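Note sheet for the following structure.
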Amino acid sequence: MKKIIQPSLLAVTSMILLSACSSHTPAPVANLNKDYSQLERGSFRGDSYTVRKGDTLYFISYVTGQNVKDIVSLNNLAPPYIIYPGQRLAIPSGSRSSSSSVSTPAVKPTPVSKPKPVSKPVEQKTDNKTVAQAKPKEYSENSNVNKPVTTKPNTTPSTSKWAWPVKGKIIARFSNSENGNRGIDIAGTRGEAIKATAAGVVVYAGDALPGYGNLVIIKHGEDYLSAYAHNDKILVKEQQTVKAGQKIASMGSTGASSVRLHFEIRYKGKSVDPMRYLPK
C-alpha cells in the first residue's frame, strides 16, 4: 500500500492565496498621467500619412507635429490643396522639414502675406483623377466635401492677446522631454464652458484621434494652432470663424480618466509651452 502524503498547511495556504490573486483585476491606473506623446496616431507611419475620411491638412499637421507648409511643399500640393481618403502623403522629418528645430518666438512673428489668386483654373492629377482647381486658398478643405476654406483672420495673435480657455487647477504641466506632456491639463467640472484662447478658424472638430476624445483645433494666423481635448460636447464646426473667448465646447472626460481639458499650443507644427502665452 502506497503511503498517502497529506499536503502541508503552508502549501495549502499558498495555493489558496495564489488562486485568490489570480482572480483579481489589475489595479486601476486612473491616477496616472496620460502620455500624449505615445497615443495611437492612426494612419501616421513616421515618414508618411494615409489620409482618412474627414482628415484635413491641419489635422494631419497636428497629428504628425509638422508644419502644414512643409507637408504641402514636400507633396507638391497645388492650391486649394485638396486631399482624398486613401491618399498617402509624405511627412517631413529631420533636415527635410524647415521647422524641425523651431523654438518659441519671444515676439510676434511677421505675418506671411496671402498668396495671389490665379485667374484661370489649374488641373491637378491625384490618384489617376483630374480635378479642376479653383483659386488659391490658405487652408485645405475637409476631404469629406472637397470644399476650399478661406482662413480668417490673417494676423498672428500677439502673446498679450492669448486668454485662458478655462480656469481651474493645472494637474499636468508641459514637458519638452521625449515622452513629455505636449500641453497642460486643467481640471474642472463636467459641462463647464471651454473658450477659444484667441480668434481664429476651426480647422478640426471631431474624435478621430484615439486618446484625445472630442477634439477641437483652431488655427490662429499663419503659424499657430491651439487644441482642446477631452470635451464633453463640441459646439463649433470646421471652417467656422471664432472670436477670442467664444465658447467652443463643454468640458468632459472623453478619452480621459477624469474630467479635464488637455490644452496645447503649436507653433509651426511644434508643441510649445502654453504657460509662455497665457496671461499670468
Side-chain angles (χ1 to χ4, degrees), residues 28-43 52-56 58-63 65 142-145 149 157 162-175 180-220 224-266 271-275 277-279:
V29 294
N31 61 330
L32 299 180
N33 290 329
K34 183 182 290 295
D35 184 359
Y36 291 93
S37 66
Q38 297 299 314
L39 294 172
E40 182 184 350
R41 292 310 201 258
S43 299
R52 298 171 300 180
K53 185 178 180 180
D55 283 351
T56 67
Y58 277 99
F59 177 73
I60 296 172
S61 168
Y62 179 81
V63 171
N142 185 307
S143 58
N144 282 332
V145 296
V149 178
W162 298 88
W164 284 88
V166 67
K167 292 184 178 180
K169 181 180 179 181
I170 299 178
I171 55 177
R173 292 186 176 272
F174 176 84
S175 172
N181 188 15
R182 299 311 182 194
I184 59 174
D185 288 27
I186 307 172
T189 58
R190 189 176 303 278
E192 189 173 355
I194 303 299
K195 301 177 181 179
T197 188
V201 176
V202 178
V203 293
Y204 181 78
D207 60 355
L209 187 56
Y212 281 67
N214 293 327
L215 174 67
V216 176
I217 303 176
I218 299 176
K219 176 180 183 287
H220 312 283
Y224 285 93
L225 297 176
S226 62
Y228 314 74
H230 306 314
N231 302 299
D232 186 40
K233 294 181 180 179
I234 295 176
L235 305 177
V236 291
K237 298 179 179 180
E238 291 179 11
Q239 308 175 18
Q240 179 178 339
T241 300
V242 296
K243 299 178 180 179
Q246 180 176 334
K247 185 177 179 180
I248 59 173
S250 59
M251 183 177 284
S253 58
T254 55
S257 59
S258 62
V259 177
R260 67 178 63 194
L261 169 68
H262 176 70
F263 174 66
E264 296 185 14
I265 293 179
R266 300 284 181 98
S271 302
V272 294
D273 187 355
M275 299 301 291
Y277 292 83
L278 298 174

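These numbers come from a predicted model, not from an experiment.
Here the side chain of His230 pairs a donor or acceptor atom with the backbone of Thr254 at under 3.5 angstrom.
Tyr62 carries Arg266 over the face of its six-membered ring, with the cationic atom under 6.0 Å from the centre and within 45° of the normal.
A donor-acceptor contact closer than 3.5 angstrom links the side chains of Arg190 and Ser253.
Aromatic ring pairs are classed by plane angle as parallel below 30°, tilted from 30° to 60° and perpendicular above 60°; the pair Phe263 and Tyr228 is tilted.
Here the closest heavy-atom approach between residue Arg182 and residue Ser271 is recorded as CB-OG, 3.6 Å. Met251 and Arg260 make their closest contact through CG-O, 3.9 Å (heavy atoms, listed as atom of the first residue, atom of the second, distance). For the pair Leu261 and Pro165, the tightest heavy-atom approach, listed with the atom from each and the gap, is CD2-CG, 3.7 Å. The minimum heavy-atom distance between Val203 and Thr56, with the atom names listed, is O-OG1, 3.2 Å. Of all the heavy atoms in Ser226 and His220, the pair that sits closest is OG-NE2, 2.7 Å. Scanning all heavy atoms of the two residues, the minimum distance from Ile218 to Ala196 falls at CD1-CB, 3.9 Å.
Looking at residues two or more places apart in sequence or on another chain, you find a side chain to side chain donor-acceptor pair (under 3.5 Å) between Ser175 and Ser177. A search for side chain to side chain donor-acceptor pair (under 3.5 Å) contacts involving Thr197 returns nothing, not counting sequence neighbours.
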*Dump the intermediate steps for ring pair (Phe, Tyr, Trp, His ring centres under 6.0 Å) on Trp164 and Tyr277, then the final yes or no.*
CA-CA 9 Å; Trp164 284 88; Tyr277 292 83; over 10 Å; no

